[in-house]
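One structure is given below, encoded as structure tokens.
To find a chain, count down the sequence lines: A is the first, B the second, and so on, and within it residues start at 1. No hydrogens, no waters, no symmetry mates; every other heavy atom, side chains included, goes into these values.
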Number of protein chains: 2
Amino acid sequence: MRVYLRYVMERHQQPGAAIEETLRVVGDRWSILLVRAGLRGIRRFDDFCDDLGIARPVLTERLRRLVKFGIFERVKYQDKPVRYEYRLTEAGLALSPALVALVRWSEEYSQEKSSDVILVHGPCGTELEQAFWCRSCQSTFGPHAVKGVSSSSGS
Amino acid sequence: MRVYLRYVMERHQQPGAAIEETLRVVGDRWSILLVRAGLRGIRRFDDFCDDLGIARPVLTERLRRLVKFGIFERVKYQDKPVRYEYRLTEAGLALSPALVALVRWSEEYSQEKSSDVILVHGPCGTELEQAFWCRSCQSTFGPHAVKGVSSSSGS
DNA sequence: CTACTGAGTTCGGATTCCGAACTCAGTATT
DNA sequence: AATACTGAGTTCGGAATCCGAACTCAGTAG
């Protein structure tokens, strides 16, 4: 079955608020990488630092901001010398669909291929594909069926 | 049916190559916004400029880079004074799942809500949800069913 | 008393970003 | 013919951001 999508993307109030909102939070060079590291189980400051090669002052600032936006939480894991680590919140975990989409894209369209399996279906072990799902039609279709129909630009 | 996912995310060769690959292309502050503008039908230099409020030198550099990576193509649309415009390629369109994921996230988890309908199912007009789809199981499940199981971090 | 860990801060220098003004080809206006 | 306008860029100087390296600070281990 062939389904085509219409991109509508209306601006309600602010110009293109929704994506900008998200990008205002994770739209810099490091935040998404931090989330990915978090998904891989990294939690400590120095580990983030070593794993990503991010500069320490920037890491400090970025983690603080991500905590502020509720993506990571700063948890004390030790008292003696008081130490904190950073854990993904539910909101942070909820970014995974975006990460998966990013990985999938690189697999399909990036010149330098790098097969980096990120998500598997628990029960059967197959790689997952990402799809669109229409609630009322109950149908699923992949990004390949996507077709851009530009609404004729107004003024 | 309840399905849980396991985050596996192995590093094959380079540390976390896949996402970094994608982010190396669209991981700056503007590229994703440019793609979104492209999806909305914007094609001309000045229109990108006005719509996003991006500085012209940066726009120049960004478009050049995105053309180099095959996300936009520079098409001559007029001969008299020769003029070019920028159109999304198939690879560029293929970024839409990521954009949708970003929009969905802002709708669910961002404090400042902004209902900005981005994708609709052509035939029935309902908003689309994004889902994971397992090819072999033929089942679909949403991000809500996602559960993070951090692989215990090694050394 | 010295060495080490781990989460940050404090620096100076390098890069990138920005807005505003400029270029350059051709077209429309007077 | 002279002026104004369009559209895709360049060329500036100043401002914000990034970086690596060294430093702080509390507590532990030898």
Side-chain angles (χ1 to χ4, degrees), chain A residues 15 20 23-35 37-38 40-69 71-88 150 152-155, chain B residues 15 20 23-35 37-38 40-69 71-88 92 152-155:
Chain A
E20 281 188 3
L23 292 183
R24 203 168 301 139
V25 181
V26 296
D28 65 298
R29 201 168 125 217
W30 293 111
S31 295
I32 290 194
L33 259 11
L34 286 172
V35 171
R40 280 223 317 284
I42 291 179
R43 308 208 168 139
R44 317 257 260 251
F45 190 93
D46 281 14
D47 291 339
F48 281 112
C49 208
D50 295 348
D51 189 71
L52 299 183
I54 182 177
R56 288 162 155 279
V58 181
L59 178 58
T60 302
E61 200 271 327
R62 222 40 40 118
L63 283 175
R64 240 196 276 276
R65 145 183 290 252
L66 290 175
V67 166
K68 196 181 81 187
F69 283 112
I71 289 175
F72 279 97
E73 55 184 342
R74 190 158 173 268
V75 182
K76 197 199 311 179
Y77 71 92
Q78 178 181 293
D79 265 312
K80 332 286 291 187
V82 66
R83 290 282 142 82
Y84 297 92
E85 65 180 10
Y86 296 88
R87 294 192 196 162
L88 283 173
S150 67
S152 65
S153 65
S155 81
Chain B
E20 282 188 3
L23 292 183
R24 203 167 301 139
V25 180
V26 295
D28 64 298
R29 198 167 128 218
W30 293 110
S31 295
I32 290 194
L33 260 11
L34 286 172
V35 171
R40 279 224 315 286
I42 291 179
R43 308 209 167 138
R44 317 257 261 250
F45 191 92
D46 280 14
D47 291 340
F48 281 112
C49 210
D50 295 348
D51 189 73
L52 300 183
I54 183 176
R56 291 165 151 277
V58 181
L59 177 58
T60 303
E61 200 271 327
R62 221 42 37 118
L63 284 174
R64 240 196 275 277
R65 145 184 290 252
L66 290 175
V67 166
K68 197 181 81 185
F69 283 112
I71 288 176
F72 279 98
E73 55 184 343
R74 190 159 173 269
V75 182
K76 197 198 312 180
Y77 71 92
Q78 178 180 292
D79 264 314
K80 331 287 290 186
V82 66
R83 291 279 142 84
Y84 297 91
E85 65 180 10
Y86 296 87
R87 295 190 195 163
L88 282 173
S152 65
S153 66
S155 81

*How about A/Arg74 and A/Tyr84: does a side-chain donor come under 3.5 Å of a side-chain acceptor?*
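No, no side-chain donor-acceptor contact under 3.5 Å.
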Residues that [X] engages under salt bridge (charged side-chain N to carboxylate O under 4.0 Å, His left out), provided they are two or more places apart:
{"X": "B/Asp46", "answer": "B/Arg56"}
{"X": "A/Lys80", "answer": "none"}
{"X": "B/Arg29", "answer": "none"}

How about [X] and [Y]: do any of their side-chain heavy atoms sit closer than 4.5 Å?
{"X": "A/Asp47", "Y": "A/Asp51", "value": "no"}
{"X": "B/Leu52", "Y": "B/Trp30", "value": "yes"}
{"X": "A/Ser31", "Y": "A/Val25", "value": "no"}
{"X": "A/Glu85", "Y": "A/Tyr77", "value": "yes"}
{"X": "A/Leu59", "Y": "A/Leu34", "value": "yes"}

_Nucleotide interval of DNA chain C bounded by contacts with chain A (heavy-atom cut-off, under 4.0 Å)_ =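 Listed 5' to 3', the contact boundaries are C/dT5 to C/dT10.
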*With nearest nucleotides of DNA chain D determined for A/Asp28 and B/Val82 from heavy-atom distances, which residue corresponds to the more 5′ nucleotide?*
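Counting from the 5' end, the first nearest nucleotide belongs to B/Val82.
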*Is the phosphate of D/dC19, meaning OP1 or OP2, less than 4.0 Å from a side-chain N or O of A/Trp30?*
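For D/dC19, OP1 or OP2 has a side-chain N or O of A/Trp30 closer than 4.0 Å.
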*Name the nucleic acid region contacted by A/Tyr86, choosing base, sugar-phosphate or nothing; use a 4.0 angstrom heavy-atom cut-off, strictly under.*
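Contact class for A/Tyr86: sugar-phosphate only.
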_Exam field: side chain A/Gln78 to backbone A/Pro81, donor-acceptor pair closer than 3.5 Å_ =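 Such a contact is found between A/Gln78 side chain and A/Pro81 backbone.
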*What parts of residues 54-64 of chain B reach DNA chain D, counting only heavy atoms under 4.0 Å away?*
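By residue number: B/Arg56, B/Pro57, B/Thr60, B/Arg64.
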*asked:* Five pairs per end, C1' atoms only: what is the angle between the end axes of the helix from C/dC1-D/dG30 to C/dT30-D/dA1, to 10 degrees?
replied: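 End axes: 10° apart.
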